> 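Dropping the structure in here first, questions after.
What you are looking at is a predicted structure, and each value in this text was computed from that prediction instead of being measured. Values below: all heavy atoms of this structure, side chains included; hydrogens, waters and symmetry mates excluded.
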Amino acid sequence: MALTGRAALLAALGSLPVGIWEPSWTGILAVNAPLAVACACDFALAAPVRRLGLTRSGDTSVRLGDTADVTLTVTNPSRRPLRAHLRDAWPPSSWLPGTEPTASRHHLTVPAGERRRLTTRLRPTRRGDRQADRVTIRSYGPLGLFSRQGTHKAPWTVRVLPPFTSRKHLPSKLARLRELDGRTSVLTRGEGTEFDSLREYVPGDDTRSIDWRATARQSAVAVRTWRPERDRHILLVLDTGRTSAGRVGDAPRLDASMDAALLLAALASRAGDRVDLLAYDRKTRALVQGRTAGDLLPSLVNALATLEPELVETDARGLTATALRTSPRRSLIVLLSTLDAAPIEEGLLPVLSQLTQRHTVLLASVADPHITEMATARGDVDAVYEAAAAAQAQSERHRTAEQLRRHGVTVVDATPDDLAPALADAYLALKAAGRL
């Protein structure tokens, strides 16, 4: 096989005839001088790294699980062509495990005075801001014997947003909302609802809705239709304390709570209600207020992107006081927190009356589906003990939920996949009953 490039050069230099002689400085120089000259020339012809210009463009945000493309433009202002290997360094969570070596490394050739663009494709595995680190460039000469290496700073930030997987439930919930609004034949009436219009009686309608005066003026029985009240205020309160850090499956409980909050916010804004968000543990971590319906979801997603659980015990008194300041008028307060006995009995219950006296309170909690699996386990001694432990845990959650219900709190306890639609259904039920 013929040798080319650097291998051919080294073979040629190594095959110089030197005869049989004792090593001497003269002989050593005679053999190595050509190689030294070649290396020096190769180094001199390598394009300088420090003078390169680097700029970025591309995506600034991406949903968790999707890909983001960030373009790096390399400008070579020197008179020598650039032949280089480039590494575009980002945090490890910017790629799926094992894909970083191929995604961040590029081979690059830029003629003198020109520029080239490279695209680095990110696929983050965590929420939050991902900031570009250093760009390392190794510039080679034409023979590839020597190289110049340097690093550059090319700042860029990609914000990784919550995935909002529960948006697939939004069409069905909006259809139910249209029913409540009287746009179909399924109509409801509840205390505090608003009169909408008259229509002909249909078997199954509540006879209390018959409008006898309108019936007397026409040949058919007329009934009043009602629609849920609009322009109500909803405050979503995310508990970001230590209990939100517990992992259910592959994600913290906080992520499931975020997903449920986004679905409820999207639904409530379509229903004409005003939605605010408060994230709190011992201090306010995020606050979104006064957004219009069109700006609500982008604002919430952006605020939730960098939110992380804090390994501290939530201050229930501080949370209650902050919620009351945020919602001075009657509102629906949706508390996305835990149903563990200790935080509820020692923290929330002593101050719960301050919320329920003025507001309607709904508490939503993430249940661990593994507990349900453990409760049905049988077959050996270990499985029976696991089932007993799971049954005890479920009993404590049920007891805590009943305590909250006795204080007038609506409780939603569901697994991560079911929490968002269950919370949306609870909101629609409260709206249909006129309890907002």
Side-chain angles (χ1 to χ4, degrees), residues 46-78 80-140 147-165 240 245 250-252 254-255 258 262 279 285-286 288 297-310:
V49 174
R50 293 184 178 179
R51 295 175 57 190
L52 297 175
L54 275 70
T55 57
R56 290 192 186 271
S57 60
D59 296 330
T60 58
S61 63
V62 61
R63 288 195 182 277
L64 184 64
D66 294 341
T67 58
D69 291 336
V70 179
T71 300
L72 181 68
T73 302
V74 181
T75 303
N76 179 17
S78 70
R80 286 166 272 179
L82 173 68
R83 309 170 188 87
H85 291 157
L86 181 147
R87 180 175 182 263
D88 190 4
W90 289 76
S93 58
S94 301
W95 291 279
L96 294 174
T99 62
E100 187 271 340
T102 56
S104 64
R105 288 166 172 77
H106 306 273
H107 181 73
L108 182 65
T109 300
V110 185
E114 296 187 15
R115 67 183 62 181
R116 292 292 184 269
R117 293 182 176 88
L118 301 172
T119 298
T120 300
R121 176 158 290 182
L122 309 178
R123 189 166 184 179
T125 57
R126 292 178 57 189
R127 288 182 296 101
D129 290 339
R130 298 293 169 268
Q131 297 181 345
D133 198 0
R134 296 167 295 178
V135 177
T136 303
I137 303 175
R138 182 174 292 176
S139 172
Y140 291 93
S147 64
R148 306 169 184 262
Q149 180 169 308
T151 59
H152 290 261
K153 287 287 187 180
W156 194 259
T157 300
V158 175
R159 174 155 289 187
V160 186
L161 308 174
F164 192 15
T165 56
T240 56
D250 295 330
L254 181 60
D255 285 24
M258 288 181 182
L262 289 174
R285 302 291 178 179
V288 178
L297 270 184
S299 300
L300 291 181
V301 168
N302 192 58
L304 295 176
T306 57
L307 202 60
E308 296 292 343
E310 300 293 331

> Find the distance between CG (Leu161) and CG (Leu300) and round it off to the nearest 0.5 Å.
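Answer rounded to 0.5 Å: 12.0 Å.
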> How would you list, by chain and number, every residue that makes a side chain to side chain contact (heavy atoms under 4.5 Å, CB included) with Arg83, sequence neighbours excluded?
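For Arg83, the residues satisfying side chain to side chain contact (heavy atoms under 4.5 Å, CB included) (neighbours in sequence not counted) are Pro81, Pro142.
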> Looking only at atom types and distance, does a side-chain atom of Arg127 sit under 3.5 Å from a main-chain N or O of Leu304, one as donor and one as acceptor?
yes
> Could you name each residue pair satisfying ring pair (Phe, Tyr, Trp, His ring centres under 6.0 Å) that touches residues 56-78, not counting sequence neighbours?
none
> Mind listing the closest non-hydrogen atom pair of Leu64 and Arg126 along with its distance?
CD1-N, 3.5 Å
> List for me each residue that meets side chain to side chain donor-acceptor pair (under 3.5 Å) alongside Arg138, sequence neighbours excluded, and say none if there are none.
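Residues passing side chain to side chain donor-acceptor pair (under 3.5 Å) with Arg138: Gln149.
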> Looking at Leu52 and Pro77, what are the two nearest heavy atoms and their distance?
CA-CD, 4.1 Å
> Any pair with a residue in residues 297-307 that passes side chain to side chain donor-acceptor pair (under 3.5 Å), sequence neighbours left out, goes on the list, sorted by first then second residue, please.
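Applying side chain to side chain donor-acceptor pair (under 3.5 Å) to every pair that reaches into residues 297-307, excluding sequence neighbours, yields Arg159-Asn302, Arg291-Ser299, Asp295-Ser299.
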> Which heavy atom in Leu307 sits nearest to a heavy atom in Ala279, and how many Å separate them?
CD2-CB, 3.6 Å
> Who pairs with Leu108 by side chain to side chain contact (heavy atoms under 4.5 Å, CB included), at least two apart in sequence or on another chain?
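Partners of Leu108 by the side chain to side chain contact (heavy atoms under 4.5 Å, CB included) criterion, ordered by chain and then number, come out as Val74, Leu82, Leu86, Val110, Arg116, Leu118.
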> Identify, with sequence neighbours excluded, every residue that meets ring-ring contact (aromatic ring centres under 6.0 Å, His included) alongside His152.
none
> Return the set of residues passing side chain to side chain contact (heavy atoms under 4.5 Å, CB included) with Gln131 (not counting sequence neighbours), or none when no residue passes.
Thr157
> Taking the side chain as every heavy atom from C-beta outward, state whether Leu122 and Val62 have any pair of such atoms under 4.5 Å apart.
no
> Begin with the C-alpha distance, continue with both residues' side-chain angles, and end with the deciding distance and a verdict on side-chain contact (heavy atoms from CB on, under 4.5 Å) for Phe164 and Val301.
CA-CA 9 Å; Phe164 192 15; Val301 168; 5.6 Å; no
> State the OG1-CD1 distance between Thr151 and Ile137, to the nearest 0.5 angstrom.
9.0 Å
> Kindly state each residue pair satisfying ring pair (Phe, Tyr, Trp, His ring centres under 6.0 Å) with at least one member in residues 108-138, sequence neighbours excluded.
none
> Could you grab the distance from atom CG of Leu254 to atom OG1 of Thr240, nearest 0.5 Å is fine?
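Answer for the CG-OG1 pair, Leu254 versus Thr240, is 7.0 Å.
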> If a pair satisfies side chain to side chain donor-acceptor pair (under 3.5 Å) and one of its residues is in residues 67-77, list it, with sequence neighbours excluded.
Asp69-Arg121, Asn76-Ser78
> Kindly give the heavy-atom pair with the smallest separation between Ser139 and Ala47, and that separation in Å.
OG-O, 2.8 Å
> What pairs of residues pass the salt bridge (charged side-chain N to carboxylate O under 4.0 Å, His left out) test when at least one of them lies in residues 56-67, not counting sequence neighbours?
Arg56-Asp88
> Mind jotting down which residue pairs meet the side chain to side chain donor-acceptor pair (under 3.5 Å) criterion with at least one end in residues 91-112? Sequence neighbours excluded, please.
His85-His107, Arg87-Glu100, Ser93-Arg130, Glu100-Ser104, His106-Thr120
